[in-house]
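Just so it is clear, the model here is predicted, and its values are computed rather than measured. Sequential numbering from 1 along the given sequence is applied to the chain's residues.
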Amino acid sequence: MPLISTKGVYGLTAMYELSKHQEDTPMQIKDISANANIPQNYLEQLLSKLRRAELVKSIRGARGGYVLARSAKEIKIVDILIALEDDIKIIDVKTDNPILNIFFDESKNSMKKIFDISLDKLDEYQEKYNEFLHYSI
């Protein structure tokens, strides 16, 4: 079982799309879905969870949609994943071996540290991707 499910990947993708959109204008579900290649019905469920976690806000009306609840600098990747996955898990159960339990707990904490970056830091990966494209041509 992967550490991050499709739910986490799609949710993070949707949040990244919202972070690239103008902060003062909401983005409609159909646009997020099209840009991120996420099924619209599934995206609605994910955005609902993200709204309950106070990571996005929904705006009603004809020009409504979704916006980030805070700036991308203030939203951590780990918070998005925990909101969608309930937690970042290495294993689903405790073992009978206390040594392994300590190891797994430390591994989980290490994983959380890896994802403890803000949403706006994903822009750095865009720069790496652009460099890759430049050198592969």
Item to check | Residues in side chain to side chain contact (heavy atoms under 4.5 Å, CB included) contact with Asn37, at least two apart in sequence or another chain | outcome: none

Checklist entry - Passes side-chain contact (heavy atoms from CB on, under 4.5 Å), Glu106 versus Phe103? Steps please. => result CA-CA 5 Å; Glu106 286 183 359; Phe103 168 75; 5.8 Å; no

Checklist entry - Does Arg52 reach the main-chain N or O of Ala83 with its side chain, forming a donor-acceptor pair under 3.5 Å? => result no

Checklist outcome for this item: For Asp123 and Tyr16 the tightest heavy-atom approach is OD1-OH, 3.5 Å

Item to check | For Arg70 against Ile75, the heavy-atom pair lying closest together | outcome: O-CD1, 3.6 Å

Item to check | Check against side-chain contact (heavy atoms from CB on, under 4.5 Å), Leu12 and Ile4 | outcome: CA-CA 10 Å; Leu12 182 55; Ile4 301 171; over 6 Å; no

Item to check | Spacing of OG belonging to Ser19 relative to NZ belonging to Lys121, to within rounding of 0.5 Å | outcome: 13.0 Å

Next on the checklist: side-chain contact (heavy atoms from CB on, under 4.5 Å) for Ile32 and Glu44? Distances and angles first, verdict last.
Outcome noted: CA-CA 10 Å; Ile32 301 169; Glu44 289 175 8; over 6 Å; no

Next on the checklist: What verdict does the side-chain contact (heavy atoms from CB on, under 4.5 Å) test give for Tyr10 and Leu43, after you've listed the backbone C-alpha separation in whole Å, the side-chain angles of each residue and the deciding distance to 0.1 Å?
Outcome noted: CA-CA 8 Å; Tyr10 279 173; Leu43 179 58; over 6 Å; no

Checklist entry - Atom CD of Glu74 and atom CG of Asp79: how far apart are they, to the nearest 0.5 Å? => result 11.5 Å

Item to check | CD/Gln28: more than 12 non-hydrogen atoms of other groups inside 6.0 Å | outcome: yes

Checklist entry - Can you check whether Tyr66 reaches Leu50 side chain to side chain, under 4.5 Å on heavy atoms? => result no

Next on the checklist: To the closest 0.5 Å, what do you measure between CE (Met15) and OG1 (Thr13)?
Outcome noted: 11.5 Å

Next on the checklist: As an exercise, state the distance from CG of Leu47 to CD of Gln40, rounded to the nearest 0.5 Å.
Outcome noted: 10.0 Å

Checklist entry - If every non-hydrogen atom of Pro26 is compared with every non-hydrogen atom of Arg63, which pair is closest and at what distance? => result CG-O, 3.3 Å

Checklist entry - Counting distance only, does the side-chain N/O of Ser33 pair as donor-acceptor with the main-chain N or O of Lys30 below 3.5 Å? => result no

Next on the checklist: Are Tyr125 and Leu119 linked, directly or through intermediate hydrophobic residues, by side-chain heavy-atom contacts shorter than 4.5 Å (ILVMFWY only)?
Outcome noted: yes

Checklist entry - In the single-linkage hydrophobic clustering (I, L, V, M, F, W, Y; side-chain heavy atoms under 4.5 Å), do Leu100 and Ile102 co-cluster? => result no

Checklist outcome for this item: One should read off an interatomic distance between Lys112 NZ and Lys76 NZ, to the nearest 0.5 angstrom, of 14.0 Å

Next on the checklist: One pair to check against side-chain hydrogen bond (donor to acceptor under 3.5 Å, both in side chains): Asp120 and Ser118. What are the steps and the verdict?
Outcome noted: CA-CA 5 Å; Asp120 70 319; Ser118 58; 2.3 Å; yes

Checklist outcome for this item: For Asn97 and Ile99, the nearest pair of non-hydrogen atoms, with its separation, is OD1-N, 2.8 Å

Checklist entry - Any side-chain donor-acceptor pair under 3.5 Å between Gln126 and Asn130? => result yes

Item to check | Side-chain touch Ile38/Glu17, heavy atoms, less than 4.5 angstrom | outcome: no

Item to check | Approximate separation, where rounding is to 0.5 Å, of Asp116 CG and Ser110 OG | outcome: 12.0 Å

Next on the checklist: Could you check whether any side-chain N or O of Glu85 sits under 3.5 Å from a backbone N or O of Ile80, counting only pairs where one atom can act as donor and the other as acceptor?
Outcome noted: no

